[in-house]
Amino acid sequence: HMKIFIGQKPDRQQVQALHRCKLENGALMDLFRKKLEETKDSLILADDPIRIHRLQGRAEVLADFLEAVEKSPEIFDRVK
């Protein structure tokens, strides 16, 4: 996971920005969590294969971002 926002060679400034999201942007993080839950709910109801693929992609990006933010402190410590 986290391959979208944190790759094999994490950029220190980008990881720091993700960490700041965790510390300073609670409302934004809540919005992303809410959108992930809404996307999951839509996935359950979707019956069109194209819509399902789009929702899966959206869910993957949201989940990846949230995970990257959560793990950013430990990753930041490693890239010092």
Checklist outcome for this item: Smallest heavy-atom separation, Lys3 atom then Asp64 atom, equals N-OD1, 3.0 Å
Give the table of side-chain donor-acceptor pairs shorter than 3.5 Å for residues 39-50, with sequence neighbours excluded, one pair per line with atom names and distance.
from  : atom 1 : to    : atom 2 : distance (Å)
Thr39 : OG1    : Lys35 : O      : 2.7
Ser42 : OG     : Glu38 : O      : 3.1
Asp48 : OD2    : Arg51 : N      : 3.3

Next on the checklist: Do Leu55 and Leu31 land in one hydrophobic cluster if side-chain heavy atoms of ILVMFWY residues count as linked below 4.5 Å?
Outcome noted: no
Only distances under 3.5 Å count here; give the side-chain donor-acceptor pairs of residues 19-26 to other protein atoms, sequence neighbours excluded, each with its distance to 0.1 Å.
from  : atom 1 : to    : atom 2 : distance (Å)
Lys22 : NZ     : Glu70 : O      : 3.4
Lys22 : NZ     : Glu70 : OE1    : 3.3

Item to check | ring-ring contact (aromatic ring centres under 6.0 Å, His included) partners of residues 49-71, not counting sequence neighbours, each pair once | outcome: Phe5-Phe65, Phe32-Phe65
Next on the checklist: As an exercise, state the distance from CG of Leu62 to CG of Leu36, rounded to the nearest 0.5 Å.
Outcome noted: 5.5 Å
Checklist entry - Do Arg33 and Glu37 meet the salt-bridge criterion of a basic N to acidic O distance under 4.0 Å? => result no
Item to check | Which residues share a side chain to side chain donor-acceptor pair (under 3.5 Å) with Asp77, sequence neighbours left out | outcome: none
With a cut-off of 3.5 Å and sequence neighbours excluded, list every side-chain donor-acceptor pair involving residues 6-15.
from  : atom 1 : to    : atom 2 : distance (Å)
Asp11 : OD1    : Gln13 : N      : 3.0
Asp11 : OD1    : Gln14 : N      : 3.0

